[in-house]
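The next block holds one structure in the form of C-alpha cells; read it before the comments.
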Protein chains: 2
Amino acid sequence: MANGRAHTWQDIHERIKRNIINLTWPPGELIPGEVELAQEYGCARTTVNRALRELAATGVVDRKRKAGTRVAKQKTRQVRAEIPVIRTQVEAQGAAYRFQLLENKIKQPSKAIAKTLNIKASEVALHIRSIHYADELPFIYEDRWINVKTIPKIKQVDLAQTSANEWLVQHVPFTSGEFVIQAQNTNKKLAMALGLSVDEAILTSTRTTWLESKSVTTVTLKYSPGYQMHFEI
Amino acid sequence: MANGRAHTWQDIHERIKRNIINLTWPPGELIPGEVELAQEYGCARTTVNRALRELAATGVVDRKRKAGTRVAKQKTRQVRAEIPVIRTQVEAQGAAYRFQLLENKIKQPSKAIAKTLNIKASEVALHIRSIHYADELPFIYEDRWINVKTIPKIKQVDLAQTSANEWLVQHVPFTSGEFVIQAQNTNKKLAMALGLSVDEAILTSTRTTWLESKSVTTVTLKYSPGYQMHFEI
DNA sequence: CATAATATTATGTGCATACATAATAAGAGT
DNA sequence: ACTCTTATTATGTATGCACATAATATTATG
C-alpha cells in the first residue's frame, strides 16, 4: 500500500468523506481524479470509482464525465424512511395488533379517485375502509381503493382475515409509486371513528402505486394524533 | 451473447426485475446464483453481481452469502425525498422569496433543547426564529438552535442577510442526522405570527444534524396549512 | 468572430481472475 | 442426540485491462 492501512472501497470511501467533512475539499471544489486518488491511496482505479460512486449516490459529490468530481454544494438534502406493514409497525412497539374491516365493497369511486387510479368514471373499484388498533387503541384509519382490473385476484381474498395492506405488500409487486404526507384536521366522522375530538391535527399519508402503466391501489392512512414519522438523513 | 440483446448491468437489472414483477420468481423465491445467471444472460458474473447489488439496495431482493439471493418477502417500502433549501423551494413554485428574522440571540436553551443538542443545561446556544414568505404569504415558520461550540463561525455571519438555513447548508457539512415529521395544531402565538386561526392542522418537521459526535443544529419548521410533502417510492 | 468539426479526457462499464468472507452443510467426536 | 470442528459454497471485493461515452477543449472553417 502506497499510503497506510487497508484499501477496501469502504476505506477509500471513508477517507474521501473525511476530506470533505474537514473541509480539505470544501463544497464546490474539484477533487483529484480517480487515477490520481488511486495512486495516492495505493489501490486500483476501480476501487476509487466504487467509493466515489457511492458518495455520488448519497449526494455528497457530483460527478460528470470529463469535468470530474466535485464536492456537492448541497442544494438539497435527501431523507429516507422505511415504511413497514402496519402490523409490523404496531408489533415493533410491543403492542398487540388488531384490525377491523369497516367496508369491503366493489363500487363506483368518486371522480377524484377514478382520476387517481386512471380508470373511467363508469368503472368500479374495490373500496376498503378499516381501523388498525395498537393495544385496542385506534392507531391508523385506512381508506383504500384497489383497481380490480389490475388485481382481479383480490376478489378471492378474505380481507377480514388478512388486511389488504398486508396481502398487497406480499403478493403484488409494483414498478413505481408516489407517497404524499400532509396534516389535516379531524372531521366529525373521523373523530367519532377514532374516538377523538373534532379539529385535532393528524398526519395523513396517501400512497398510490403502479404496475407498469396500470394503477394498483391508492390508500390514505390517517395516523392517530401525536404520531411521528421518522426519517434518516 | 448467449441470450439476446445487450449485456450492460442495467439491462441485466431490468431483466431480473421483470422476472420478479411478472412473478416468474415470486416473493420468497430463491433465484438462480450469479454464475448461473451470468451463463444464462451471457455476461460476466461481475455484471450480474452489480445488477443484483442494485436490486438489493432498493429492497427488491435479499442477499446472503452462501444462502443466495431471494426475492424480498416483506417489502418494507422505502420512501425518499429531496428536501431543498427553503428559498429554492419557494422559487421553484414561481413565487418570490423573502424571510424575516424574528430573533437572533445567544442564550440558554430549554432543557429539552439542551438534551437534543447534547450540551450542558448551563451552556448557551444560538436561537434563531424566522418566517419565510412565498409571495408575501407566510410559508414556513422556523425555530432553530445552533450549537455555537460546534460552529463558532456562525457568530460572524449576518443572518438577516443570508438565512441560517442557507448558510448552514452551504458551509457546514454533517455526518448524520434525524428528520421527524408530525402534525400539530396551531397555538395562539403561531396562529398570530402566520395569520392563521387557532387549532389549524399544520405539518411540522424537526431536523437535528451532527458532525461526528458534536451536534450542529436542531430546527423545527412549521409549514403553512395544506402543505404537502412528496416522496418517491 | 462565430460556428462547426475534431481531439482530448475523466468517468462509466465489462470482463477474467483471484481471493476474502459469511453462512450453511457435513462430519467427527463425545 | 448433542456439540465442536471442518468443508463447502454463494456472495463480496480487489485488480488490471480494454473500450465506451459524455463533456469539454481545441482546432478548423466559413
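- Contacts of A:Arg53 with the nucleic acid, taken as non-hydrogen atoms under 4.0 Å apart, are absent.
- Proximity of a side-chain donor or acceptor of B:Asn147 to a complementary backbone N or O of B:Val216 within less than 3.5 Å is not detected.
- A:Thr46 comes within contact range of at least one nucleobase, with a heavy-atom separation under 4.0 Å.
- Whole-Å rounding puts the B:Leu52 CG to D:dT11 P distance at 7 Å.
- Of the options B:Arg65, B:Arg50, B:Arg45, B:Arg53, a salt bridge (charged side-chain N to carboxylate O under 4.0 Å, His left out) to B:Glu34 is made by B:Arg45 and by none of the others.
- In this structure, CZ of B:Arg45 is placed 6 Å from C1' of D:dT11, rounded to the nearest angstrom.
- Put simply, the side chain of B:Arg70 gets close to the backbone of B:Gly28: a donor and an acceptor are under 3.5 Å apart.
- Taking a cutoff of 4.0 Å between a charged side-chain nitrogen and a carboxylate oxygen, B:Arg207 and B:Glu178 do not qualify as a salt bridge.
- The nearest whole Å value for the distance from the CD atom in A:Glu34 to the P atom in D:dC17 is 16 Å.
- When rounded to the nearest whole Å, the span between CG of B:Leu55 and P of D:dG12 equals 12 Å.
- Along DNA chain C, the stretch of nucleotides lying under 4.0 Å from any heavy atom of chain A spans, 5' to 3', C:dT8 to C:dT13.
- Regarding B:Leu37, its CG atom lies at a distance of 13 Å from the P atom of D:dG12, rounded to whole Å.
- With rounding to whole Å, A:Gln39 atom CD is found 11 Å from D:dG16 atom P.
- Panel note: side chain B:Thr175, backbone B:Trp210; a donor-acceptor pair is recorded below 3.5 Å.
- No donor-acceptor pair closer than 3.5 Å links the side chain of A:Thr88 to the backbone N or O of A:Pro84.
- One can place NE2 of A:His13 at 17 Å from C1' of D:dA14, the figure rounded to the nearest angstrom.
- Pair assignment for D:dG30: C:dC1, on the basis of Watson-Crick or G-U wobble contacts that are both within less than 3.5 Å.
- Contacts of B:Gln10 with the nucleic acid, taken as non-hydrogen atoms under 4.0 Å apart, involve only primed sugar atoms and P, OP1 or OP2.
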Would A:Phe99 and A:Phe139 count as a ring-ring contact (aromatic ring centres under 6.0 Å, His included) if you check the C-alpha gap in whole Å, the side-chain angles of each, and the deciding distance to 0.1 Å? CA-CA 10 Å; A:Phe99 81 95; A:Phe139 177 54; over 10 Å; no
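- Regarding B:Glu36, its CD atom lies at a distance of 15 Å from the C1' atom of D:dT11, rounded to whole Å.
- Contacts with DNA chain C (heavy atom under 4.0 Å) in residues 61-71 of chain A: A:Arg63, A:Lys64, A:Arg65, A:Lys66, A:Gly68, A:Thr69, listed by number.
- Using a distance-only test at 3.5 Å, with no hydrogens or angles considered, a donor-acceptor pair links the side chain of B:Thr58 to the main chain of B:Leu55.
- Rounded to the nearest 0.5 Å, atoms OG (A:Ser176) and CD (A:Glu212) are 8.5 Å apart.
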